[in-house]
Each structure stands twice: as C-alpha cells, then as structure tokens.
Amino acid sequence: MYQINYNKVSHFIEVENTKNGLYAKIYLNQGASLQEFTLNGHAIIRDLSPLTYDDTYASSILFPFANRVKDGEYMFKGKLFKLETNQKEENNALHGLVYNKSFEIVESKTEADCVSIILQYNEINETKGFPYTFNIQIKYEFRKDALALKVTVKNTSAKAFPFTLGWHPYFHSENLYESEILMDSTCKIILGDRNITTGTTKTSTELPIKIENKQLDDCWALNSDKVLFKTPKYDLQFNASGNNNFLQVYTPPKANTIAIEPTTGVSDSYNNKLGLEVLKPNEVYTIEWLIKII
C-alpha cells in the first residue's frame, strides 16, 4: 500500500510502499525536487551530502531555461534582456528560475498500483531579465518499477516568452566504472569556455558510452527519446515526449554518481536557438519524462 507523508516543518513529502520497495522524498521549497528515490528496491537517487543543493541543483526542474545563458544576456523580439548571473564563477545565468521556488500541493491520490502528486508554483511577478508571469505544475506518478514526471507550463502574461525545459537528476550506481549509457545520437554539442555552446559536430553512439573514469560534462542531440543507463545492479530506461530531445551527462565530485539530464534545449539556447521554443499568452506546454527499471 502506498503512503504519503507531508512534513509541514521541513516542507518535504515522502512517498513509500514497503511491499514493492518504493521510497521518494520531494522538497517543496527547493523547486519540488525529487532528492531521494528508491525504485523496485534500488536506491537510484540518493542524498548528495556533503554536496549542497545550491551547488548541485539535484533533481531540479529547469525552467524557463535549462543549462546556461551566457552573461545572462539574450535578445528576444528585438529587445535585449539581462538575467541575474547566479553562476558567479562563469558569469552565467544557470538552470532557470524555479529551482529555488516553494511549490504547493494541489492534489495527491493513492490507488492500488500507483500514487500521484501534483505540485504547483504560480509566478505572479515579473523577474529581472524575464518579465513574464507563468504557472508551472509538476506531476509525479510513482509505480512499482517506474516514475512518470509530467511538467505543465502556462503562460499567464500578456506577452509571448522564450523557453526550454529540463530535469537535473543524479543517479547512483554501485559501480559507476562498470556502468554505461546507450543512446541514439549523430550530433554532439560542442561546449567552449564557461560551458557555453559553440557549435555541433557529427558523432556516432552505436557503441555504449562506458563511464569508467571519464569526467563528463557533455551534451547530445537525440534521434530517439529512448536512453538506457546500465549498471551492475539495475538497468534504467528513459523516455521523453516532445520534439526537442537533448541529453546532458555530468559526473560530479561524488563517487558512483552521475547526472543524466533530459532537456529540450542546450547551453545558451536563448542565443543559439537550439531547441528554443516560444509560448504565447494563455498557451500551455506539457512534457513528460518516464524512467523505468527494466
């Protein structure tokens, strides 16, 4: 049986089903991020301590831009905008505007074979460099061997705005050296100084990418939304809806941990336009990411 517990003091939600080995912990005041997750008995997302959320953006939803905006500056409809550069060491705007927002619970529902939670943040103020309002809902649906993460964004302002979306989870492997990633890509993003996109190059991913001792911070454009992460203890399949699918892979300074990030854009999409979309007033955009133990 699924149970949902809400800690009103620390503002987190716990979801648990001891029978099928599921546990999840979602922090409402850190962008509704899923920072601990055991699926089918495998602890695939773990607390990253001593690394902090401010440094890792662990499992944060990345909106209205995934990754970086160079110098926080971009042009849209002939006008120059300037975002806060929260990544001081590289002078970039990083990972959007909702990763540190407090979400509220809209709905929670338990059924025999699944549990779902809908969380919401409503931006009613215009932000420096992004003078628009919006509503964002995050729906987590947990099953025995799968998680469906659905993000719905509505433009509530009177003007159209540019956007990309992403999710920044870190996964644990008992032996990352022996783990590998399989994807279908013929295009890799070239990252230059300050991890800003400078172009693309042809690539081939016919063979698995073996993690071994690689220090990764790489991005690929996907031909298929299907991605596999194979570890000695479990295999995880990723799928995504939407037309623009990219994958960012990053190895942080923590053993046996890797960020595998599905996104709809790349570093500096606001300027290079790769994956960039525009949401008109009152329009709604929805994307769903699915991860499943196979």
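Each residue takes its place number in the sequence, starting with 1.
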Under 3.5 Å, is there a donor-acceptor pair between the side chain of [X] and the main chain of [Y]?
{"X": "N92", "Y": "R194", "result": "yes"}
{"X": "N272", "Y": "L274", "result": "yes"}
{"X": "T205", "Y": "M183", "result": "yes"}
{"X": "Y170", "Y": "T251", "result": "no"}

Just checking, any donor-acceptor pair under 3.5 angstrom between side chains of [X] and [Y]?
{"X": "N271", "Y": "E73", "value": "no"}
{"X": "T164", "Y": "S269", "value": "no"}
{"X": "N135", "Y": "Q137", "value": "no"}
{"X": "S173", "Y": "S179", "value": "yes"}
{"X": "Y121", "Y": "E123", "value": "yes"}
{"X": "N245", "Y": "D225", "value": "no"}
{"X": "T263", "Y": "E261", "value": "no"}

If you compare all heavy atoms of [X] against all heavy atoms of [Y], which two are closest, and at what distance to 0.1 Å?
{"X": "G265", "Y": "F246", "result": "N-CD1, 3.7 Å"}
{"X": "P252", "Y": "A259", "result": "CD-N, 4.4 Å"}
{"X": "P169", "Y": "S59", "result": "CA-OG, 3.5 Å"}
{"X": "P162", "Y": "Y270", "result": "O-OH, 3.0 Å"}
{"X": "Y53", "Y": "S60", "result": "OH-CB, 3.3 Å"}
{"X": "Y132", "Y": "A160", "result": "CE2-O, 3.3 Å"}

Next item on the list: Under the side chain to side chain contact (heavy atoms under 4.5 Å, CB included) rule, what do L119 and E107 come out as? Steps first, then yes or no, please.
Entry: CA-CA 7 Å; L119 308 170; E107 177 185 290; over 6 Å; no
ILVMFWY cluster, [X] and [Y] together (side-chain gap under 4.5 Å):
{"X": "I4", "Y": "I45", "answer": "yes"}
{"X": "W167", "Y": "V15", "answer": "yes"}
{"X": "Y250", "Y": "L34", "answer": "no"}
{"X": "I26", "Y": "L48", "answer": "no"}
{"X": "L276", "Y": "L94", "answer": "no"}

Do the charged groups of [X] and [Y] touch, with an N to O distance under 4.0 Å?
{"X": "K188", "Y": "D218", "result": "yes"}
{"X": "R68", "Y": "E90", "result": "yes"}
{"X": "E141", "Y": "K292", "result": "no"}
{"X": "K144", "Y": "D113", "result": "no"}

Next item on the list: Give the intermediate values and the outcome of side chain to side chain contact (heavy atoms under 4.5 Å, CB included) for residues N256 and H172.
Entry: CA-CA 6 Å; N256 292 320; H172 176 81; 4.0 Å; yes
Could you measure the distance from the [atom1] atom of [X] to the [atom2] atom of [Y]? Nearest 0.5 Å is fine.
{"X": "L39", "Y": "I44", "atom1": "CG", "atom2": "CD1", "value": "5.0 Å"}
{"X": "M1", "Y": "K19", "atom1": "CE", "atom2": "NZ", "value": "12.0 Å"}
{"X": "L62", "Y": "Q248", "atom1": "CG", "atom2": "CD", "value": "10.0 Å"}
{"X": "N155", "Y": "F134", "atom1": "CG", "atom2": "CZ", "value": "10.0 Å"}
{"X": "I291", "Y": "L236", "atom1": "CD1", "atom2": "CG", "value": "5.0 Å"}
{"X": "I293", "Y": "F229", "atom1": "CD1", "atom2": "CZ", "value": "10.5 Å"}

Next item on the list: Could you tell me whether F130 and F161 have their ring centroids closer than 6.0 angstrom?
Entry: yes
Margin query: In this structure, is the centre-to-centre distance between the rings of F171 and F238 below 6.0 Å?
Written below: yes
Next item on the list: Just say parallel, tilted or perpendicular for the rings of F12 and Y27, cut-offs at 30° and 60°.
Entry: tilted
Check: Parallel, tilted or perpendicular for Y234 and H42, by the 30°/60° rule?
Finding: tilted
Heavy atoms from other residues, nucleotides or ligands near [atom1] of [X] exceed 12 (cutoff 6.0 Å):
{"X": "I124", "atom1": "CD1", "answer": "no"}
{"X": "E283", "atom1": "CD", "answer": "yes"}
{"X": "K233", "atom1": "NZ", "answer": "no"}
{"X": "K70", "atom1": "NZ", "answer": "no"}
{"X": "E84", "atom1": "CD", "answer": "no"}
{"X": "N5", "atom1": "CG", "answer": "yes"}
{"X": "K273", "atom1": "NZ", "answer": "yes"}

Checklist line | Pair K254-D47, salt bridge (Lys or Arg N to Asp or Glu O under 4.0 Å): steps then yes or no | finding: CA-CA 11 Å; K254 187 173 179 66; D47 185 290; over 6 Å; no
Item checked: Intermediate values then yes/no, side-chain hydrogen bond (donor to acceptor under 3.5 Å, both in side chains), N239 and Q237 -> CA-CA 7 Å; N239 292 95; Q237 179 173 311; 2.8 Å; yes
Next item on the list: Would you check, one step at a time, whether the test side chain to side chain contact (heavy atoms under 4.5 Å, CB included) holds for F103 with I138?
Entry: CA-CA 9 Å; F103 280 65; I138 300 172; 3.6 Å; yes
Is the shortest heavy-atom distance from the side chain of [X] to the side chain of [Y] under 4.5 Å?
{"X": "S267", "Y": "L191", "answer": "yes"}
{"X": "L28", "Y": "S102", "answer": "no"}
{"X": "I181", "Y": "L228", "answer": "no"}

Next item on the list: Start with the C-alpha distance between L83 and T127, add both sets of side-chain angles, then the distance that settles side chain to side chain contact (heavy atoms under 4.5 Å, CB included), and finish with yes or no.
Entry: CA-CA 8 Å; L83 296 154; T127 304; 5.8 Å; no
Check: Does Y57 have any side chain to side chain donor-acceptor pair (under 3.5 Å) partners at least two apart in sequence or in another chain, and if so, which?
Finding: N86
Next item on the list: Scan Y140, Y23, F142 and name whichever one has a ring-ring contact (aromatic ring centres under 6.0 Å, His included) with F37.
Entry: F142
Next item on the list: Apply side-chain hydrogen bond (donor to acceptor under 3.5 Å, both in side chains) to the pair Q120 and E104, showing each step before the final yes or no.
Entry: CA-CA 5 Å; Q120 175 179 265; E104 62 179 3; 3.0 Å; yes
Notebook entry, point to check: Could you give all pairs that pass the salt bridge (charged side-chain N to carboxylate O under 4.0 Å, His left out) test and reach residues 198-214, with sequence neighbours left out?
Noted result: E180-K210, E212-K214
